[in-house]
Structure formats: structure tokens, C-alpha cells
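No hydrogens, no waters, no symmetry mates; every other heavy atom, side chains included, goes into these values. Proteins come first, then strands; the chains are lettered A, B, ... in the order of their sequence lines, and each starts at number 1.
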Amino acid sequence: MSETMPIPRLIRLDDYTPVLGEPEVAELRTLASRLQAHTVQMVNSTAVGGGVAEMLNRLVPILQELGLAIRWEVITGGNDFFEITKAFHNALHGGPYDMPPESFDTFLAYNEQNLLRLQLEAEFIVIHDPQPVALIRARRDHSGHWIWRCHIDLSQPNPKVWDFLEPWVNKYDGAIFSSPQFARHLPAPQYLFYPCIDPLSEKNRDLEPEVVTGILERFSIDRARPILTQISRFDRLKDPLGVVRAFQIVKRYFDCQLVLAGGGASDDPEGEAVLSEVREAAAGDPDIHILDLPPWSATEINALQRGSTIIIQKSLREGFGLTVTEGLWKRKPVVASAVGGLPLQVIHKHTGMLAHSVEGTAYQIRFLLSNPAAAARLGQQGHEHVREHFLITSSVKRYLTLFLHLLLLP
Amino acid sequence: MKRAEQSFQFKTASYLVRIGKETATTLAQLKQGLEGCSDTSIFNHTFQTLSHHHFITQGFSNDFAQWVLASCNRPELAEQLASLDIRDYLSLAELRADLKRLVSDYCELNPQQAEQSAFEPFFFFEAIEVEVPLGMEAWTLEEFRQGLERLSHASIYFHFIASRLRLHLRTNDFSYWLESRLDLGTLAKQVNRIDIYTNTLESARQRIIDLVERELDS
């Protein structure tokens with residue numbers, strides 16, 4: 001059943017000082033000084049794989065190092081439970097829900113089983129996503145502060161699933177969403193916590209120039225000519241065909257290359273179909289590099305982003321878009337669609353350029369290629385934007401602030 | 001070196017962003033939102049956003065102006081909204097009244113544009129402030145300089161920008177202390193004159209330190 005995760009100690013808070021500066025790290029310690037030995041439990045449904053586990057693997061050790069008595073609990077369940085929660089996930093994104101009506105009872109039964117093993121008695125309990133949402137049943141007499149952290153887009157949920165979950169969500173003292181667009185009207189306060197990247201992770205750490213050059217050479221990409229890159233899985237919602245069309249417009253005026261790199265084609269039939277459509281659209285153009293990368297390609301993605309002249313994210317629909325965060329962190333000018341969480345990161349003409357069409361995307365790319373000084377300014381400001389708002393340390397600060405705020409509430 | 005009768009207490013503030021109830025997809029809805037939103041929302045989109053975007057030193061003033069320009073493509077109204085300088089306001093009520101007036105006048109003169117859909121909606125957020133003392137204090141100008149060097153961006157923002165609303169004066173915590181506790185009126189004025197729209201929090205800090213060092217050397 002449920003397990004309490006051993007807390008990894010790979011990175012220390014001081015390791016972030018070169019990135020943030022001494023005063024910013026000291027400020028985290030000051031905020032945490034008022035929360036010494038206060039108890040926190042983070043609860044989710046997986047210890048490895050997926051963005052939430054990746055984030056908790058970084059966040060929890062830092063909060064522990066700062067003196068909070070934090071535990072990370074992972075709920076467990078059988079295949080039937082995870083089939084149901086996968087179906088929930090898709091339905092909450094607006095898809096159909098075809099599971100039998102008794103699936104809701106199965107979901108609750110697994111939450112109940114986990115409750116038998118978990119001691120949820122901390123002052124601050126943060127439940128991540130819908131899988132463990134019904135654990136709030138364990139709450140006695142309004143004890144502790146219970147917060148639901150929703151990492152998914154709830155803007156257009158399937159009512160069958162949302163109507164089931166909503167009464168549980170309404171029992172919480174507050175909810176956290178990644179974007180205002182993903183939120184619902186709830187009786188409790190809703191807070192905005194942006195997703196984040198870790199500047200020290202393999203995908204984002206600084207790379208030596210020769211590593212970048214070596215990886216680009218491995219993919220036969222010419223560093224002497226501008227490189228336009230979109231990193232995304234091969235999915236229609238990422239509009240790779242639109243990116244190819246925008247590139248073809250740009251190429252009439254600039255001798256440049258396009259890199260479309262991502263995964264998802266090997267284990268997803270639709271991804272495979274999209275990949276072959278993209279290959280067809282590229283029509284053998286040697287300046288279009290289509291790279292179907294395996295999941296363990298963090299260094300390669302890092303190098304491709306660092307070697308790029310411009311990062312593109314021409315999605316038709318998007319969550320938060322952490323690949324854009326990664327590009328901005330690497331001081332790259334970004335051209336992105338004005339969808340989902342992208343406008344939160346790309347402040348038009350300040351931290352990047354927003355576009356609303358293939359032609360608009362091509363126009364903004366041409367503008368940036370013609371104006372390298374403007375592109376460099378956007379890249380620098382984009383980097384600062386990420387440093388202030390979208391790093392793991394910003395997330396640490398938000399949690400500390402939330403806990404302090406809840407403590408001060410009458 | 002003069003010792004103040006009352007020390008400068010360095011503090012910091014951290015802000016939690018709460019998603020508000022109001023949203024706007026047209027200028028007419030922005031007008032309604034400005035009427036109905038909380039004071040903490042006005043604060044968030046004018047004062048707090050300067051801290052969030054301090055690294056942008058050209059062409060960014062407040063969230064309302066940025067949305068009107070980037071999402072509604074109405075540069076004339078955006079320019080008017082951007083020209084509101086938070087240093088001119090001692091209360092959020094006055095600032096809200098001017099924001100409302102500008103949007104309202106524009107909507108009245110341009111009823112068609114007032115109803116046009118923006119590319120993206122405007123979401124009203126509220127800033128919840130959590131104030132924390134840093135446990136540092138300064139009794140002399142030299143100690144004040146040393147303290148400045150150790151401040152985070154949030155702390156500089158708290159003392160230098162957000163303080164105006166707290167003090168209800170056209171000044172900031174630093175200038176107020178320099179003038180009232182160390183009798184350094186000229187230095188206080190020079191510090192208060194540093195433009196918060198064209199400086200980053202980092203460059204503002206450096207300019208204050210430069211002014212203080214000049215005073216220490218004189």
C-alpha cells in the first residue's frame with residue numbers, strides 16, 4: 001500500500017546561489033525560519049515518471065533542508081485504479097468518459113485503503129491531482145490546512161467526472177492551479193503557482209560549447225546557419241505541420257534550418273501518423289531535421305535548445321508549455337502561439353513574440369532573424385522572467401508563502 | 001558618523017497570487033472588472049507587477065496597459081494607461097478611479113472597439129502580502145549601505161515601491177528614514193527620484209548604494 005518516500009539529497013540549496021544570488025537564497029531561509037519544524041505532507045500517486053514526481057523530487061528535499069518537517073507520501077492502487085484515474089485525466093481534459101458507473105466506487109475504495117495506511121496529521125497537507133483527492137475524508141474537526149494542488153487543465157472537464165470530484169474538492173481549504181485558465185469556480189480561495197524547471201537538471205544545466213557542437217554535429221545540423229527549433233512530441237495539438245509551413249515561408253528570405261525534435265512516435269499510433277505527415281510535408285528538404293528522440297534525451301534536448309537561434313512553440317492548444325520555459329531560460333528568443341500558459345511566459349515584445357497564425361509565426365521569425373539585437377534583448381529578458389517566476393526555487397518560495405499565510409489566518 | 005535615534009528595520013515581503021473572480025475578454029468587461037475587483041487586485045496589476053517585471057525597463061508599466069496593447073491592439077488607450085505613474089498615488093482608490101476613467105472614456109468614444117474580443121482574456125489576480133522582518137537593522141549610514149547590499153529583490157521592492165501606499169506619502173521607506181532619522185534630506189530626495197520604471201530592482205539598488213557612498217565620502 002501507500003509508501004513514505006525516502007527524501008533524496010542530490011542537490012543542496014546552496015547549489016542555487018550562483019543562479020539566484022546570495023540574497024535570494026537567504027530570503028528563502030528567512031521565510032522558512034518561521035516554519036521550523038512545522039509539519040507538511042505532500043501526497044501524490046507516483047514516485048517516478050511524470051512532471052509531478054519530478055517536481056516533488058526537487059521540491060521536497062529543499063523544503064526539508066529549510067527546516068520543515070516534510071514527508072512525501074505516495075498512494076498505491078491496482079491496475080484498475082490507475083485505469084480509472086487515467087480515464088479521469090482524459091475526461092478532465094474534456095474527453096469522453098466510458099468507464100462503468102461502479103468505477104467511481106472503485107476509485108473511492110482505493111482512496112479508503114490508502115487512508116488505512118497513511119497518517120495524515122500534518123499541519124499542511126498538499127494533495128496533488130485527482131488520484132488522492134478523496135483522502136480528505138481523513139480530516140477530523142477541520143484540523144490542519146488541506147490544499148488541493150491541481151496540475152491539470154480543468155477549463156472544460158467532462159461533467160460526468162467533474163460532478164463526481166467537485167464535492168471532494170470543495171472540502172479543501174484552497175486549491176492551487178498552474179494557470180487561471182485551468183481553474184474552476186470553487187468556494188475556497190484559488191492560488192496561482194506556476195509550473196517550474198530546475199536550472200540544475202540535466203535538461204537545463206549549462207553545457208560546455210563543445211558538448212553542444214558535438215550533439216548538433218551528430219544530428220548533421222549546421223551551426224553556421226540560423227537554427228529554428230520546436231521541441232515537442234509529435235502531436236497534432238503541437239501543430240508541427242504549421243511549423244513546417246512557417247519555416248517554408250521564412251526560408252524564402254533566410255537561409256536557415258528547422259529542427260523538429262520530440263518523442264511520442266514510438267509508443268503512440270497517432271504520434272507515428274503525425275511523424276509521417278511531417279516527413280511528407282518536409283518533402284526531403286535537407287534543412288528540415290526531424291528527430292524522434294527517446295525519453296532519455298535530456299542532454300540532447302538541452303544542446304538543441306542551446307544551439308538554436310530561435311525557439312518556436314506553435315501549439316494549437318497547450319498546457320503550460322515547459323519547453324518554452326526551458327528555451328527562455330537558455331536566453332533564446334521565442335516565437336509562441338498565444339494559447340494556454342504560453343502568454344504567461346511570453347510577454348509579447350518583452351520576453352518573446354506571440355503569434356496567432358502560420359503567417360504570423362513566419363513574420364515574427366523573420367523579424368527576429370533581421371534584428372539580432374532585439375532577439376538578444378528578448379532572450380535576456382526571457383531568462384530573467386524565468387529566473388524570477390519559473391524556477392524550482394520560485395515554487396519553494398510560493399509554498400513557504402502559502403504556509404505562512406495560512407498560519408496567519410485567524 | 002551620525003547615529004539615528006531609531007534604526008532602519010529591513011524587512012521583506014513575499015506575495016501569494018490569488019485568482020480573482022473577474023475576467024475580461026473585451027474593453028467593456030475590463031471597465032466592469034476595474035469597478036468590481038478588490039483593492040488587492042488593483043495593487044497586484046499596478047504596483048506588484050513592477051516587481052514581477054522589473055527586468056523590463058522599456059515599455060512596460062502595468063498589466064492593464066500591456067493587455068490593452070498586446071491582446072486588444074489598442075495602442076492609444078494602452079499609452080494612456082501606461083502613463084499612469086504609481087508614484088503619483090497615495091491610495092489605491094485614486095489609482096482605480098483614474099484607470100476606470102481612462103477605460104470608460106475610451107469605451108464611450110469607441111463603442112464598437114469596446115465590445116471586440118481580445119486575443120486572450122485578462123484575469124484579475126489578487127496579491128496577498130506576507131511581511132517578514134529580516135532581523136537586520138541599520139543605525140548609521142554605513143550600516144544602511146551594508147544592509148542594502150544584502151537585500152533580495154522582493155525586499156527592495158517592499159521598501160522602495162510598495163511602501164508608498166503604507167506611508168501614504170510620496171516617498172519610500174529608505175528616503176523617509178534618511179530624511180527623518182539622519183537629517184539627510186538631499187540624499188533622501190535623490191533616492192526618491194530614481195525612476196522605478198526605467199530601472200531594474202538591481203540597478204535601482206546599485207544607484208541607491210552609489211548615492212549613499214557618495215554621501216559617505218563627502
Side-chain angles (χ1 to χ4, degrees), chain A residues 20-28 30-34 174-177 179-186 189-194 338-340 342-344 346-351 353-354 356 377 380-385 387-389 397-409, chain B residues 10-23 44 49 51-61 63 66-67 69-71 73 78 118-136 147-158 200-202 205:
Chain A
L20 297 176
E22 189 86 45
E24 306 302 322
V25 174
E27 184 172 74
L28 293 178
T30 302
L31 292 172
S33 67
R34 306 213 143 188
I176 302 172
F177 289 93
S179 160
Q181 284 164 309
F182 301 169
R184 309 284 309 161
H185 285 294
L186 300 173
Q190 296 175 67
Y191 306 101
L192 182 64
F193 280 32
Y194 298 125
V339 295
L342 297 178
L344 293 170
V346 178
I347 305 168
H348 188 51
K349 296 185 181 175
H350 292 301
T351 63
M353 302 301 241
L354 290 174
H356 304 86
R377 181 178 61 82
Q380 182 55 36
Q381 293 187 164
H383 174 80
E384 294 297 330
H385 193 30
R387 201 171 81 91
E388 296 277 341
H389 305 295
K397 190 173 177 181
R398 288 188 187 106
Y399 274 108
L400 294 174
T401 310
L402 174 64
F403 298 153
L404 286 169
H405 167 65
L406 294 173
L407 272 186
L408 293 170
L409 282 178
Chain B
F10 291 100
K11 293 178 182 174
T12 192
S14 189
Y15 293 88
L16 200 56
V17 176
R18 191 159 59 198
I19 301 169
K21 290 184 183 71
E22 296 82 3
T23 55
N44 181 72
T49 196
S51 166
H52 275 168
H53 303 109
H54 73 95
F55 49 85
I56 303 173
T57 54
Q58 282 175 5
F60 188 92
S61 174
D63 292 341
Q66 177 65 22
W67 181 73
L69 182 67
S71 294
N73 197 21
F119 285 129
E120 302 110 42
F122 184 90
F123 293 96
F124 285 81
F125 299 150
E126 297 174 341
I128 301 168
E129 185 180 275
V130 176
E131 187 184 311
V132 181
L134 289 173
M136 280 166 32
L148 284 172
E149 284 176 349
R150 294 165 58 192
L151 295 186
S152 67
H153 290 163
S155 180
I156 298 168
Y157 164 79
F158 175 78
T200 64
L201 289 168
E202 198 51 55
R205 177 219 307 267

Engineer: Relative to chain A, which segment of B/Tyr15 carries a heavy atom at a distance below 4.5 Å: side chain, backbone, both, or neither?
Structural biologist: backbone
Engineer: Select one option (side chain, backbone, both, neither) describing which atoms of A/Ala26 are under 4.5 Å from chain B's heavy atoms.
Structural biologist: neither
Engineer: Considering only heavy atoms, which portion of A/His405 lies under 4.5 Å from any heavy atom of chain B: side chain, backbone, both, or neither?
Structural biologist: both
Engineer: Can you tell me which portion of B/Ile19 sits under 4.5 Å from chain A's heavy atoms? Options are side chain, backbone, both or neither.
Structural biologist: both
Engineer: Sort out for me which residue in A/Val339, A/Leu344, A/Leu342, A/Leu354 forms a side-chain contact (heavy atoms from CB on, under 4.5 Å) with B/Glu120.
Structural biologist: A/Leu354
Engineer: Would you give the length of the straight line joining atom CG of B/Leu16 to atom CD1 of A/Ile176, rounded to the nearest 0.5 angstrom?
Structural biologist: 8.0 Å
Engineer: Step by step, work out the side-chain contact (heavy atoms from CB on, under 4.5 Å) result for B/Phe55 and A/Gln380.
Structural biologist: CA-CA 9 Å; B/Phe55 49 85; A/Gln380 182 55 36; over 6 Å; no
Engineer: Working to the nearest 0.5 Å, report the span between OG1 of B/Thr12 and CG of A/Leu31.
Structural biologist: 6.5 Å
Engineer: Do you know which of A/Arg398, A/His185, A/Lys397, A/Gln181 has the most heavy-atom pairs under 4.5 Å to chain B?
Structural biologist: A/Gln181
Engineer: Taking atom CZ of B/Arg150 as the centre, report whether more than 12 heavy atoms of other residues, nucleotides or ligands fall under 6.0 Å from it.
Structural biologist: no
Engineer: With a 4.5 angstrom heavy-atom cut-off, which part of B/His54 approaches chain A: side chain, backbone, both or neither?
Structural biologist: side chain
Engineer: Count the heavy atoms belonging to other residues, nucleotides or ligands that lie under 6.0 Å from CD of B/Glu131, then report whether that count exceeds 12.
Structural biologist: yes
Engineer: For A/Ser33, which atoms come within 4.5 Å of any heavy atom of chain B: side chain, backbone, both, or neither?
Structural biologist: neither
Engineer: Measure A/Leu192 against the heavy atoms of chain B and call it side chain, backbone, both or neither at under 4.5 Å.
Structural biologist: both
Engineer: Between A/His356 and B/Phe119, what is the ring plane arrangement, given parallel below 30°, perpendicular above 60°, and tilted in between?
Structural biologist: parallel
Engineer: CD1 of A/Ile347 to CD of B/Gln66: how many Å apart, nearest 0.5 Å?
Structural biologist: 6.5 Å
Engineer: Taking all non-hydrogen atoms of both residues, which atom of A/Glu27 and which atom of B/Ala154 are closest, and how far apart?
Structural biologist: OE2-CB, 3.5 Å
Engineer: Select one option (side chain, backbone, both, neither) describing which atoms of B/Glu129 are under 4.5 Å from chain A's heavy atoms.
Structural biologist: neither
Engineer: If you measure from CD on A/Gln190 to CD on B/Glu126, what distance do you get to the nearest 0.5 Å?
Structural biologist: 11.0 Å
Engineer: Relative to chain A, which segment of B/Pro133 carries a heavy atom at a distance below 4.5 Å: side chain, backbone, both, or neither?
Structural biologist: both
Engineer: Is it the side chain or the backbone of B/Arg18 that comes within 4.5 Å of chain A heavy atoms, both, or neither?
Structural biologist: both
Engineer: Side chain from CB out, backbone as N, CA, C, O: work out which of these in A/Glu388 comes under 4.5 Å of a heavy atom of chain B, or both, or neither.
Structural biologist: side chain
Engineer: Under a 4.5 Å heavy-atom cutoff, which of A/His348, A/His385, A/Glu22 has the most pairs with chain B?
Structural biologist: A/His385
Engineer: Of the backbone (N, CA, C, O) and the side chain (C-beta and beyond), which part of A/Pro180 lies under 4.5 Å from a heavy atom of chain B, both, or neither?
Structural biologist: both
Engineer: Mind checking what makes salt bridge (Lys or Arg N to Asp or Glu O under 4.0 Å) contact with A/Glu24, not counting sequence neighbours?
Structural biologist: none
Engineer: If you measure from CG on A/Leu20 to NE2 on B/His153, what distance do you get to the nearest 0.5 Å?
Structural biologist: 10.0 Å
Engineer: Side chain to side chain contact (heavy atoms under 4.5 Å, CB included) with A/Lys349: which residues, sequence neighbours excluded?
Structural biologist: A/Met353
